[in-house]
Amino acid sequence: MSMDFDHLAEKKQEQKAAAWLNLWLSRSPEILSMQLAKKHRPGETVSACLWKSGAFNICYRVRYEDGPDIIVRFAALGRAILRREKVQIEVATMKYIRKNTWIPVPEIFGSGICWAGPYIVMSFLEGVPLSQFLKDPSSEGRPVMNPQISDRSLRWAYREMATLVLELSRHEFDSIGALEENETGFFVARRPLTLNMNELMVSANLPEKGFPSHTFKSATDYFSALSMQHLSHLRLQQRDAVTSEEDCRKKFTARCLFLNITKNLWTEYPQGPFRLYCDDFRPSNVLIDLDDSHVSGVIDWEFTYAAPAEFTWVAPWWLLLQSPEDWEGDLNLFLARYSPRLHAFLEVLSDHESKLIEQQLLSKSQRLSSRMEDSMETGLFWVCLAARYSSMFDEIYWTFIDHRYYGTFTSLDDRIQLLNQEQRQEMNELVELKTGQCKDKESFDDHYPIDLLLEL
């Protein structure tokens, strides 16, 4: 039922990423890392080595004769499309968090552009990813929650995450979008650059001009814009979007009906304040100090922006460690595994909130635990998730959203009756277009040729 990404678009981006990586490895990245490190943090460098490669970046650890190590982090071409925008936003976000919260994030010594693209020079934080303590040691690949984990270990890990979630939720902004810094301070000045936008550019070859280019003053407008993105995805992905005429009708109908839901979605603060939200915030980005078993750092702040408060108020997606696209096909099975973990997390979060309220460090209105619990009851959890994840949209919509808003599902034809004349007309045209594309396996209009990627 899910909408697959364009396999040819993904293959071409992989080829570009591999070509860039080969060039990168052939041109002494250790020397470049030491040069950039010295440029932004003077001193005598001793050595540099590959520290780790993540989904979007390559990191080198540089050692100094007279001081702590630093990290030089390069945005990897082909993995992140809008590399300059991504890096500029992350630098501003980390500086804001470092200045305005207690959350330990790396100190930024400098950033810029070199022949390989944008980079950041920052302090190195010691620590072990929190996911290491939670993951199943017997499973390969991306971390999966250890089914044998003790209640004590789980509660400890969730408590560390709860303190971070609560701290982030307290920061308010007047617009939806990404942060920028000038001489007067920090403000929302850029469009929200999201994880899903990057995914749609990399894996569906959606052109950049199809995405918002501005900030938002209204939560409703932003939810509607995310819904329109799902429609654009279906319209513009060149292959693999549908499997049949019926599949095309079902996907188009779901997206139109979801757009109606988001246009009429009741949001508590439609005009703000909005909250700082990181699409990729998860235990693998939280470092733990082995000496005192507390958070020593939080890294990887790309795709962070001021978002509708509802994003912050819904239950966290990462409680089982896996990303939504790694959940099992049957979301009801996922829910059966997820619910006891959510109960444990909310208990820990509620305890922590009560202590802070007692110490007058938090007001009762800033509690998240009761809102997160409600989000499962009202279905807001699924609406926010469906809005943010193109790859999961269809499963989430038909499993948890459709019947809540439109009653028991009897047939697709009944749902099509809910579309207006214009939408039905477009659906018929789209069916024709998509079935034609199913037969065309070769043509490909690449919106991100490598010369453009080098500039972005």
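Computed from a prediction, not measured in an experiment: that's the story for all the values here.
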Side chains of Asn57 and Glu302: donor-acceptor distance under 3.5 Å anywhere?
yes
Under a 4.0 Å threshold between the charged nitrogen and the carboxylate oxygen, would Asp221 count as salt-bridged to Lys217?
no
Residues two or more places apart in sequence or in another chain: which of them pass side-chain contact (heavy atoms from CB on, under 4.5 Å) with Thr262?
Phe223, Ser224, Ser227, Phe258, Leu259
Answer with yes or no after comparing the ring centroid distance for Tyr338 and Phe381 against a 6.0 Å cut-off, counting only values under it.
yes
Taking the six-membered ring where the residue is Trp, are the ring centres of Trp382 and Tyr397 under 6.0 Å apart?
no
What pairs of residues pass the side-chain hydrogen bond (donor to acceptor under 3.5 Å, both in side chains) test when at least one of them lies in residues 90-104, not counting sequence neighbours?
Arg73-Glu90, Tyr96-His171, Trp102-Glu167
With sequence neighbours excluded, what pairs up with Glu432 under the salt bridge (charged side-chain N to carboxylate O under 4.0 Å, His left out) test?
none
Hey, is [atom1] on [X] packed in by over 12 heavy atoms from elsewhere, all under 6.0 Å?
{"X": "Arg79", "atom1": "CZ", "result": "no"}
{"X": "Glu358", "atom1": "CD", "result": "no"}
{"X": "His343", "atom1": "NE2", "result": "no"}

Do any pairs count as a salt bridge (charged side-chain N to carboxylate O under 4.0 Å, His left out) and have a residue in [range], sequence neighbours left out, and if so which ones?
{"range": "residues 252-265", "answer": "Arg255-Asp394"}
{"range": "residues 129-154", "answer": "Arg142-Asp326"}
{"range": "residues 421-430", "answer": "Arg235-Glu426"}

